[in-house]
Amino acid sequence: MTDSAPNDAHPTFADLLSDERLVRALADVGYESPSPIQAEAIPPLLDGHDIIGMAQTGTGKTAAFALPILSGIDVTRPETQALVLAPTRELALQVAEAFASYAKHLPGLNVVPVYGGAGYTEQLAGLRKGAHVVVGTPGRVIDHLERGRLDLTTISNLVLDEADEMLKMGFADDVERILRDTPSTKQVALFSATMPSTIRRLANQYLTDPVEVKVQSQTVTAKNVRQRWLLVPHFRKLDALSRFLEVEPHEGVIVFVRTKSATEELAEQLRVLGHTAQAINGDLVQAQRERAVNALKNGSLDILVATDVAARGLDVDRVSHVVNYDIPHDPEAYVHRIGRTGRAGRSGDAILFVTPRERRLLSVIERTTGQPVTPMDIPTAEQVNARRVELFEEAITDALASRDVHLFRGMVGKYAEATGVDPLDVAAALAVRAHDGRTFLLDAKDDIQLSERDRRDRERGERGDRPERPQRPTPDGMAVYRLAVGKRQRATPKSIMGALANEGGLGRSDFGNISIRFDHSLVELPDPLPNGAENALSRTRIGGELIHLERDRGPRGSGGSGGRSGSSGPRRGGGRPWDNAGKGPVRSARAPRRKG
Ligand code: AMP
């Protein structure tokens with residue numbers, strides 16, 4: 001096998017899309033190449049065909065229908081030109097966010113999510129401004145239709161996303177009612193993870209001569225690779241990986257993520273935690289890539305964080321583990337990824353991180369590879385701590401063999417005698433020093449908990465479908481504040497921290513988690529805020545809009561507090577798992593090399 005760059009068998013986004021602004025936006029979000037469903041669905045959609053796409057969350061289906069739609073929107077016309085129906089408000093928001101990010105370089109293009117359980121004001125304001133693309137749940141779309149606030153007679157594209165879920169949730173009549181309000185000339189894309197007869201019937205009735213696309217696959221996986229998966233909320237993935245690396249003996253590890261930017265980000269986070277990690281992605285020139293691969297081969301590097309494209313053909317015997325940090329888009333990619341370990345007749349380990357929403361993709365992977373992937377638990381604080389203590393003891397044993405012990409023994413004895421301090425306390429004090437005052441043990445209350453429902457889903461093999469909410473409580477002395485600006489206003493952790501720090505007199509360490517949603521953000525800030533800060537911030541704007549800072553009152557229409565990972569700002573120290581994990585004795589926090 002050879003190390004290779006992307007080749008002709010894999011089309012690029014520029015091959016598929018003629019609008020360079022979309023290609024640029026995809027580069028901005030860090031997509032390197034189209035996923036299989038994108039490569040298959042985009043051309044027929046651009047040719048104007050109706051399509052039936054068999055694809056589940058995680059395959060990249062959203063971009064598969066969003067990009068062709070965006071290619072055809074005329075922003076000079078204010079009317080609604082595309083409607084996407086989704087079963088849940090979480091999905092509607094996620095799809096709207098995806099549209100907005102792909103439309104980054106299409107000025108004036110408005111995407112408006114409409115979903116139940118939320119106030120009408122924001123949604124109405126969005127619709128009044130002229131929503132080129134409406135993404136909504138069926139119930140709320142009908143609501144707006146009936147109130148005369150949404151006109152679907154002008155649409156040229158309709159998407160039924162997760163159609164099987166919509167029918168399962170009892171939206172069949174609503175969907176048909178909405179379809180009746182749309183022009184017969186529209187193009188329809190129906191996406192569904194499964195094809196029960198009800199979906200077939202719906203397709204027969206409302207789609208014209210549809211092209212069927214699905215992620216085909218039939219590949220065999222290496223038999224000498226043990227495959228395990230773990231269920232982890234999206235925002236705890238880093239913590240889970242860090243714990244895993246601490247307790248699992250390993251040599252070289254390849255960690256797969258979806259985007260170029262994620263390779264850089266994760267590699268940096270791992271380095272902060274004391275690992276030797278490097279990113280490889282399609283942006284590296286061949287020489288840089290080779291250097292990284294050689295470092296992994298010779299053991300000076302333990303972790304490569306890679307995209308699928310960058311890892312194509314990578315052949316390093318020393319790779320003991322492949323970690324699918326982001327679930328791959330399709331089983332083939334999975335098979336290819338895990339084939340990076342278990343080479344040269346050795347055994348290997350493949351770990352698959354699955355978030356509750358991606359549960360179904362796991363079954364597809366299992367079905368197509370024909371091999372079981374066994375569940376594993378995220379290491380607990382107890383397990384991590386046991387390992388840390390073990391390494392601590394090993395470090396003492398190693399150090400006792402040093403010639404310097406004699407020298408220091410004399411000094412310690414002298415100190416103990418002069419001060420009357422118990423020599424055991426002196427030894428303990430030296431250990432504290434060796435750890436630089438950092439907390440040595442994880443706290444069991446920071447263990448990664450799955451919700452009762454996720455746990456049940458895991459047992460039963462069903463998928464969850466709701467926002468992943470953090471189990472981590474807001475730290476003492478802090479509270480979650482809500483800002484009325486989000487991705488739509490192009491808010492970023494940096495712009496939020498900048499604005500709040502400048503105008504509210506807050507310091508870097510005053511910021512906890514920052515989570516940016518579609519039309520609002522949640523920020524952990526000191527509780528109470530410093531004197532005068534609230535007043536000063538009442539005039540603060542981000543992206544031209546007032547931030548309307550207020551204490552978050554928990555879930556609202558748009559997904560509630562906590563939630564999906566969005567982006568995170570810097571975190572304060574103080575007992576959170578990711579502050580300490582891997583930072584015991586930095587070197588010894590890593591597991592010993594496994595003998596090859
Ligand atoms: P979806 O199946 O549409 O829910 O997408 C799953 C995830 O894959 C989302 O986080 C997308 O941002 C991401 N994604 C979609 N297409 C690509 C791509 N071509 N390359 C990398 N990531 C992608």
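Order of appearance sets the numbers: ligands from 1, and atoms from 1 within every ligand.
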### Query
Do the side-chain N and O atoms of S242 and D239 include a donor-acceptor pair separated by under 3.5 angstrom?
no
### Task
Heavy atoms only: give me the nearest P356-P233 pair and the separation to one decimal.
CD-CA, 4.2 Å
### Message
Looking at N324 and I351, would you say the former's side chain and the latter's main chain have a donor-acceptor pair under 3.5 Å?
### Response
yes
Just list the N/O pairs, ligand 1 to protein, that are under 3.5 Å apart, with the distance for each.
unit_1	atom_1	unit_2	atom_2	d
ligand 1	2 (O)	G58	N	2.7
ligand 1	2 (O)	T59	N	3.0
ligand 1	2 (O)	G60	N	2.7
ligand 1	2 (O)	K61	N	3.4
ligand 1	3 (O)	K61	N	3.3
ligand 1	3 (O)	T62	N	2.9
ligand 1	3 (O)	T62	OG1	2.5
ligand 1	12 (O)	Y31	OH	2.4
ligand 1	14 (N)	Y31	OH	3.4
ligand 1	16 (N)	Q38	NE2	2.7
ligand 1	19 (N)	S33	O	2.8
ligand 1	19 (N)	Q38	OE1	3.0

### Query
Shortest non-hydrogen contact from D326 to K237?
OD1-NZ, 2.8 Å
### Task
Specify whether Y31 and F13 have parallel, tilted or perpendicular ring planes, treating 30° as the upper limit for parallel and 60° as the lower limit for perpendicular.
tilted
### Query
Nearest heavy-atom pair of I365 and P328: which atoms, and what distance?
CD1-CG, 4.2 Å
